[in-house]
Structure formats: C-alpha cells, structure tokens
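So the structure is just underneath, and the comments pick up after that.
None of the values given here were measured: they were computed from a predicted structure. Read the numbers this way: they start at 1 and go in the same order the structure lists the ligands and their atoms.
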Amino acid sequence: MSPLAENIAKVKEAIVRAAREAGRDPAEVTLVAATKVQTSDTIRAAIAAGVTVCGENRVQELTGHLDDYAYDGARVHFIGHLQTNKVKYVVGRVDLIESVDSSRLLEAVDRQAEKLGIVQDILLEVNIGREESKGGCMPEDIPALARLALQAEHVRLRGLMCIPPVAEGPGGNRPFFQETHQLFVDIRNKIEDNKSDINCLSMGMSGDYEDAVREGATLVRVGTALFGPRPPLHRPE
Ligand SMILES: *Cc1c(COP(=O)(O)O)cnc(C)c1O
C-alpha cells in the first residue's frame, strides 16, 4: 500500500472508532480530503484509494483540477473563502459550498444558481471562536442568515461549517465543536419543514477530527494527515 493509501485507511479507521465511542453510526461521517496544493495526479490517487469527497479552497486550484477531470469518481466541496466576484467559477461546479458567510455572498450564489437553472447546496460558515482574522459569520447572526438561505429559491441549506481557533492542547477545540453542534441543532429545530435537508455539520481537521466526530460532525476536512505537511507557499487561512 502507498503511504497515501495507508494514511487514508488510518484516518477512516480513526473516524469509525471515534464515532463508535460516541455511540454514533460511523456511516454518518464522511471524510473530506482537503486537497489544497496537491496535484491532479495525487487527487486521482486519493480517489483510487477510497476518498469519496474532495474539499478545495482556492478557486484557481478548483478550476484547474476540474479542467483536468482530477475529481472524477468523487464529489467536490468548496471549503475556502469565496469572494462574490468568483462565485461564477464555483456555483454549479461543486456539490456543496461549505463557506457561505454573509448575506451578500448568499445572494450572489443564489443569483448565479438561478442563471444556471439549478439549486446549489450550501453550508453556512460560523466563526465560532469570534476571531477577527477569520471568515465566517458570527454565531448570533446564523439564525437570520439561515432564514435568508431558506427563502432563497436557488440555494438549499444543508447545515453548518466551522473552523475553530488553533487548539490549545489536546481536546482544546471540543467546546467550540459543542457550540457549533448546538447551533446546528437549534437551526434544525427552528426550521421544521426543511429539517430533513439540514443534515451536514462540517468540523474537524487533521489535529482534531476525532474530537469533532465525538461532538457530532458529519463531515471532517482532513489534509495534512492524508497528504503530509504542505509547503508554506500559501497564505495562512
Ligand atoms: C486546509 C484546510 C483543512 C485541512 O487542514 P489540515 O490541518 O491540513 O487537515 C480543513 N479545512 C479547511 C477550510 C482548510 O483550508
């Protein structure tokens, strides 16, 4: 087995273990391979080794890999910061946009989806650590943004995503995961009629995905633990 295939198998096993520990059905949790800076060939190898969802966070890398058919056989999520002027390169080309964090972006996605005659699945990104430097909508603004998303005819709200602060020690992010899970539950309860659509909670990365699974994640976005360390050639997120 290649090191990549081994890592994928290891992370999948750890997800199953964490889910069982928490009394959850492991089938509820999907590994999203965070493929930033990886080549199309590496992405193909990951898919051949069992990755079913790729998460991309740069528009330019996304379009390059799409043009290469690198994601064939897998679904694609957009997980990075999305500028409204780049929406046209993403809407209709990915299965889920995980990072909608403002009414302006929501409206731009809705308009582009309308133009294409489609309904785009989205998550709302929560800035659960209230960090100035980070994208994401403040937790208290999530209910209003969710209501807007439900009114928009060409988007379908599927749930929430969060990127918590850099963890301080093991388990450091569990409180943030708990809070995000609670917000997710609140939104589901408030929005009775669309409840069945809202079943995605994206949280956890290489350092903390097991804790995220213990706290209810249905999508974990893992890069380094699959592909190894990235060269420091990109801006910090
Ligand atoms: C890069 C990235 C990840 C994965 O991070 P790792 O620490 O390498 O696992 C997850 N989510 C987002 C939004 C990312 O940009």
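Shown in contact with Asn57 at under 4.0 Å from a heavy atom are these atoms of ligand 1, numbered in order with element: 14 (C), 15 (O). Of all the atoms in ligand 1, the ones that sit under 4.0 Å from a non-hydrogen atom of Lys36 are 1 (C), 2 (C), 3 (C), 14 (C), 15 (O). Near Ile163, meaning under 4.0 Å from any of its heavy atoms, are these atoms of ligand 1: 13 (C). Here is the list of ligand 1 atoms found below 4.0 Å of a heavy atom in Ser206: 6 (P), 7 (O), 8 (O), 9 (O). Below 4.0 Å from some heavy atom of Thr224 lie the following atoms of ligand 1, by number and element: 6 (P), 7 (O), 8 (O), 9 (O). Which parts of ligand 1 touch Ala34 is read off a 4.0 Å heavy-atom cut-off, strictly below it: atoms 3 (C), 4 (C). Under a 4.0 Å criterion applied to the non-hydrogen atoms of Val222, ligand 1 contributes the atoms 9 (O).
Ile198 and Val155 end up in the same hydrophobic cluster when Ile, Leu, Val, Met, Phe, Trp and Tyr side chains are linked at under 4.5 Å. Cluster annotation: Tyr71 is not connected to Ile79 through the hydrophobic network of ILVMFWY side chains, with a link wherever side-chain heavy atoms come within less than 4.5 Å.
The closest approach between a heavy atom of Arg230 and any atom of ligand 1 is below 4.0 Å.
Between the side chains of Asn127 and Glu131, no donor N or O sits under 3.5 Å from an acceptor N or O. In the model, Thr35 has a side-chain atom that pairs as donor or acceptor with a side-chain atom of Glu56 under 3.5 Å.
When atom types are taken as modelled, the side chain of Glu98 and the backbone of Leu124 share no donor-acceptor pair closer than 3.5 angstrom.
Applying the side chain to side chain contact (heavy atoms under 4.5 Å, CB included) test between Leu96 and each of Val76, Leu219, Val53 identifies Leu219 as the sole match.
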